[in-house]
Structure formats: C-alpha cells, structure tokens
Amino acid sequence: MTVVTRVAPSPTGDPHVGTAYVSLFNWAWAKRNGGRFILRIEDTDRARSRPEHEVQILEALAWLGIVPDESPAVGGPYAPYRQSERGALYAEHAQRLLASGRAYRCFCTSERLAALREEQKAAKADLGYDGLCRALDPAEAERRAASEEHVVRLAVDKAGTTRFIDLLRGEIVIENRTVDDQVLLKSDGMPTYHMANVVDDHLMGVTIIMRAEEWIPSVPKHVMLYDAFGWTPPTFAHVPLLRNADKSKISKRKNPTSLLWYREQGYLPEALLNFLALQGWRPDGDVELFDVDTFVERFEPSRISTGGPVFDLTKLDWVNGEKIRALAPGELARRLVSGGFAAGWTEERLLAVLPLFRERLVRLSDFADQARYLREAVEPCLDDLLPKIKKEDPGVVAAALAEAADLLEARAGQADEPREEALRALAASRGLKVGSLFMGLRVAVTGRGASPPLLPSIDLVGAAESARRVRELAARLVPAC
RNA sequence: GGUCCCAUCGUCUAGCCAGGUCUAGGACAGGUGCCUCUCACGCACCAGACAGGGGUUCGAAUCCCCUUGGGACUACCA
C-alpha cells in the first residue's frame, strides 16, 4: 500500500517551527516509501485564518526543502486542499451521521454552554456537554434546523472504552465517559477539526497520521467517527511536543517559534532540519550531523523517542556552524548574498574574504558585523585594547604603532611570514610584548580585540588604509599637546 | 478536578522492546590544557544522569506495581 502522509497546519499566524518539525517527519516518511505527502490547510476557523499565512507556510516549508506532492498551491487528485472550500463534503458526511443516529443537532446557545461549564467546574464534575439536545425528537430537530441556528454533535456512546494503537507508545485505552459529544459542524456550517480531519484523511487516502501528541486525548472521537462511517482508521503516530526550557509546550513568548525568524537569523535550512530531526530521532547511536538525504534514507517513525525535547538554540547554533563550515566557499557566498546577509558585497569579492570568516560564523547574520571593518573604519574599541596593554607605556605603544604603520606600508604585498618577523623584531626593539603590538594593530585596523588573523585582514583592508587607521589610533594613545 | 501521555548527565540522546557484554556511551553547553598575534576552528582531558520505593529474577537502566515529578487535553481553536 502506498504510504500517504500529511500535515495540516492552520493559517493563523507565522509559520511555526512545530509545523516544520511534524512536516519533516511526514515528508521524509512519504519520500522514503515512494509515497505522497499532502499539505492540507485547516482554515475552518474563519475568524483567525488569514490567506497570507497560508502563503507563508508554503514558502517556509519550501525554504526548508519540504515540498508537498499535493497542496492548495499545486493541487492534486483530491482537491481542494483548503478545508474552507470543502464545505459540501462535510455537510454531506454530517448528513450521513445524522441519518444513522451517530450525530444529532444541538440548539443550545453558547451562553447556556458557558453557564453549564461554570456549574460543572464549581461542582468539580467532569466537563462536557450534558446531552440536552440529544433527547430531542429527530423529526422535531429537523424542523427547527430549517430556521434555527444550531450545531451538529457526535453522539458518543459513553459506555466502555476506546482503544487504539499509537505507533510510538503501543495501545492506549481511554474511557468513553470522558469523551465529549464533540461539535462536528459549527453553526456557521464549517466543520471542526475532528470532523474535517477524519473525513479528509479518509478521502485523501492518508495511511498514517503523524502529528503532535497533544491530539492523543481526542483520538477516541476520531476512532468513533471512522467507525460511524464504516471506515478503517489509519495508523496513529503521535510525536512529542517541542518544549520551552520549563518543559511547557513551546510558545512564542519563551522561544522563537516563527520559521521566518530562523531564516532572518541566518540559520541554514539544512541546519534547522538536522537539528529538528535530532529532537527525538537519530540515525545511529553516535551520529548527530547528517544531511536530509541520509535522514530520508534512514528515518523510521517508530523510533522517534517519546520524551518531550526541550528546544535548545545553543545546539542549533552548533549545528549551524558545522553546516556553514561544510559549505563550499562559493555556495556560502551565494547563501550570504541571496539571503541578504552581505549587502553591498558581490559573490566574487566575498569569495576572497570568506576564508577569514567561515569558521567564525555561527549564523549567516554574523557576517555583516564581523566583516564591517573591511568596508569602513570601525571606531577602535579601547576597552578591548587598554586592559591588554596596561603594563606597557602608552607612549612606547604609540611610537611602536607609528613605526609599524610605516613598516606595513613599505612591505605591502609581501608574504605574511617576513612581515610578521619584522613586526616581532619591531616589538622587541621597543621592549614591547609581541601580543601588545599585535593587539594595538588589531584594534586599530578591525576596531575589535577579537578578529580574524591580522596580516590577511590588513591585506584586505589595504596597506595604506590600514596604516592610516594605525596612525590614528597611535595619535589617540598619546594626544599631541 | 477528571482523562491521557511522559520520566537516563544542565540540554539533545544511545542503551530498554528480545534483562547479564553498563564501574551507563556519544553530542551540545561548561571547565582545564594544547595550538596561537586575538577570536574562532581543531585537538586532548575533566566534571556531569538511570526520580524514589517495592516486586519478578541468580542478575534490572532494561520487565511489573506504587509513589513522586513533568506535560497535554478537558472550546461552535486547531
């Protein structure tokens, strides 16, 4: 049987990292098995759904390289893939349920429902619909339905238990008395998630549902629906929820959750993917870095671990640094330019300076700041310099810097070693520690106490300009009277 | 409150299903050192966990039970 997976995000906000996480698994599993991966938009909440968010979701997943075989954008044999456009289908299926007595119309107002909930809370009773309208005569309900606002609810048999197999956890048994008479069709005619996902997953031929574990408690409703329709449920695999540091479900208040943010920060898509895959899965005992093809080749849903992983950016940073260093120089240059991280730079010029920066970049966005001194004179950070030379005489340092400036100009174009030797000799002749001289030059030329290697930096800046910056700093160390 | 899920270093995890090879392995972060003109990279080393208690067994991180802790759900949101 062809493997068919899906992801069903709601277009109610920025594209979410959790969507990427679940999509990755679903996409990879379909791909590994030569199956189909469907992206379905769950936009049945008319108040919160926005078309622009749908576009962003598609774009963010495309950025990651996760391309659905079927989606609102490319269509497919089971179109439409937007639930708001599938209303007739849900109405028709609700009708079937109504006819077989597995669902009923409910005319209760939201006010009554709210009051009911308060009562139940106060009495510490189980929460849920009390079934008032379930007692209505069906013919009578049908009559009222023509003119009165109402919803359609699932008629849950409260006796016994519902059991199902979760691929990661084994059998899960839930008492039916805890299952609510869930609303299937809202008063605006839109289906709820429960109704829509069951109907769509069945109609679209989905064979395995991989989604977040927050859905486990509602699986019985879904199982009952499959049963009411006479359908066989797909396999269920509930993946753990990504967590904040305090273990609560990941949230934008405590973590960056927008995929747009990761792109803007200069995380490589392959790094984010690798990192996300690591949250619950790894190919082999010790291997942590792998490319997406390897992931697709080896991914096995049943081996996803069940503990909720705390989302930790420091590990992502490490993965990103590794992936950056694994990039061919030309490719890194391309990414910097196309991602907008190197404004004013051409790929060709970038190629010449990248050897100095590639092992210093954690995020692509680090480049602009680290390389600023190549394009303009950066205000020297004296706080970086002064502590390093506090044992030296400022006048001596200034004089040595001035001399070094001359030397650098005179020896422009020379190889690194002879110039370095000359600088060392210069420091020695002035009674300076080599490090003090170099630090002075570094702060003068790059503005910072931490920078790429000095001589190559000077070559890139240009000997004349470098010398100018050095003289300027020297003058500052000993102000002329 | 009720229901369900989960539980190995600070974090991500291997090991658990098929108990012994586990004085529990790796990675990130942290510490120390090496390299070195700084930072970074790289390398080496150090520190750091089976939540607790019962059971089963010759033997339990691994199986069972209880406790504790954490989480999710409990909407005409998904």
Side-chain angles (χ1 to χ4, degrees), chain A residues 8-10 12 42-45 47-49 106 108 110 113-114 117 120-121 123-129 149-153 166 168-170 172-175 177-180 182-188 190-194 196-197 211-220 238 240-241 243 245-249 275 278-282 284-289 302 305-319 321 325 356-362 370 384 388 420 423-424 427 433-443 446 448-455:
Chain A
S10 215
T12 52
E42 308 238 344
D43 57 351
T44 55
D45 183 340
R48 295 199 303 148
S49 295
C106 171
C108 291
S110 41
L113 262 18
R117 206 161 15 246
Q120 290 169 334
K121 262 186 198 161
K124 292 191 186 254
D126 283 0
L127 269 29
Y129 184 59
E149 189 165 89
H150 67 284
V151 302
V152 174
R153 285 181 184 276
D166 179 88
L168 313 190
R169 301 156 233 269
I172 293 175
V173 183
I174 294 177
E175 298 170 65
R177 67 168 184 80
T178 70
V179 182
D180 198 14
Q182 183 65 48
V183 170
L184 263 21
L185 242 38
K186 305 184 234 182
S187 55
D188 66 0
M190 281 287 167
T192 56
Y193 171 85
H194 308 284
N197 107 82
R211 71 228 315 168
E213 68 175 330
E214 57 186 329
W215 292 106
I216 290 178
S218 49
V219 173
H238 291 90
L241 240 20
R243 312 295 183 103
D246 64 5
K247 306 276 191 185
S248 58
K249 170 162 99 170
F275 171 72
L278 243 22
Q279 307 304 296
W281 187 89
R282 53 205 58 207
D284 203 332
D286 291 346
V287 179
E288 305 218 7
L289 294 173
S302 64
S305 45
T306 47
V310 171
F311 199 80
D312 182 9
L313 249 9
T314 60
K315 183 112 182 195
L316 206 212
D317 280 337
W318 169 72
V319 174
R325 272 166 255 134
L356 296 196
F357 296 94
R358 52 184 274 139
E359 60 213 24
R360 268 163 265 263
L361 297 178
V362 172
Q370 288 183 14
D384 278 0
K388 298 277 188 182
E420 183 174 336
L423 286 171
R424 283 173 181 278
K433 290 207 299 191
V434 174
S436 298
L437 208 221
F438 273 82
M439 186 53 74
L441 293 170
R442 176 186 320 287
V443 171
T446 72
R448 309 275 169 73
S451 80
L454 186 60
L455 267 359

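In what follows, every chain begins at residue 1, and chains take the letters A, B, ... in the order their sequences are listed. The shown structure was predicted, so the numbers you read here are calculated from the model rather than taken from an experiment.
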I'd like the [atom1] distance from [M] over to [N], given in whole Å.
{"N": "C64(B)", "M": "A78(B)", "atom1": "P", "result": "38 Å"}
{"N": "C12(B)", "M": "A29(B)", "atom1": "P", "result": "15 Å"}
{"N": "A18(B)", "M": "G2(B)", "atom1": "C1'", "result": "37 Å"}
{"N": "C4(B)", "M": "C66(B)", "atom1": "P", "result": "12 Å"}
{"N": "C17(B)", "M": "A27(B)", "atom1": "P", "result": "26 Å"}
{"N": "A49(B)", "M": "G59(B)", "atom1": "C1'", "result": "22 Å"}
{"N": "U11(B)", "M": "C58(B)", "atom1": "P", "result": "37 Å"}
{"N": "G69(B)", "M": "C50(B)", "atom1": "C1'", "result": "16 Å"}

Atom [atom1] of [X] and atom [atom2] of [N]: how far apart are they, to the nearest Å?
{"X": "Leu127(A)", "N": "U74(B)", "atom1": "CG", "atom2": "P", "result": "10 Å"}
{"X": "Leu185(A)", "N": "C76(B)", "atom1": "CG", "atom2": "C1'", "result": "10 Å"}
{"X": "Arg442(A)", "N": "U36(B)", "atom1": "CZ", "atom2": "C1'", "result": "10 Å"}

For [X] against [Y], the heavy-atom pair lying closest together:
{"X": "Arg243(A)", "Y": "Leu241(A)", "result": "NE-O, 3.1 Å"}
{"X": "Pro240(A)", "Y": "Glu213(A)", "result": "CA-OE2, 3.8 Å"}
{"X": "Ser10(A)", "Y": "Glu42(A)", "result": "OG-O, 2.9 Å"}

#### Entry: Proximity to RNA chain B (any heavy atom under 4.0 Å), residues of residues 213-220 of chain A only
Glu213(A), Glu214(A), Trp215(A), Ile216(A), Pro217(A)
### Query
So does Thr314(A) reach the base of C28(B) with its side chain, donor to acceptor, closer than 3.5 Å?
no
### Query
If you take atom types as modelled and just measure distance, does the side chain of Lys315(A) reach the base of A29(B) with a donor-acceptor pair under 3.5 Å?
no
### Message
Aromatic contact between Trp318(A) and Phe275(A), with the criterion being ring centroids under 6.0 Å apart: yes or no?
### Response
no
#### Entry: Salt-bridge contact Asp45(A)-Arg48(A) (side-chain N to carboxylate O under 4.0 Å)
yes
## Note on the structure
From the list Leu437(A), Leu454(A), Asp384(A), side chain to side chain contact (heavy atoms under 4.5 Å, CB included) partner of Arg442(A) resolves to Leu454(A)
### Message
Strictly below 4.0 Å: does Arg424(A) bring a side-chain N or O up to OP1 or OP2 of C37(B)?
### Response
yes
### Message
For Ser451(A) and Pro309(A), find the nucleotide of RNA chain B closest to each by heavy atoms; which residue's nucleotide sits nearer the 5' end?
### Response
Pro309(A)
### Message
If you assign each of Asp188(A) and Leu278(A) to its closest nucleotide in RNA chain B, which residue comes earlier from the 5' end?
### Response
Leu278(A)
### Pair Arg169(A)-His238(A), side-chain donor/acceptor within less than 3.5 Å
no
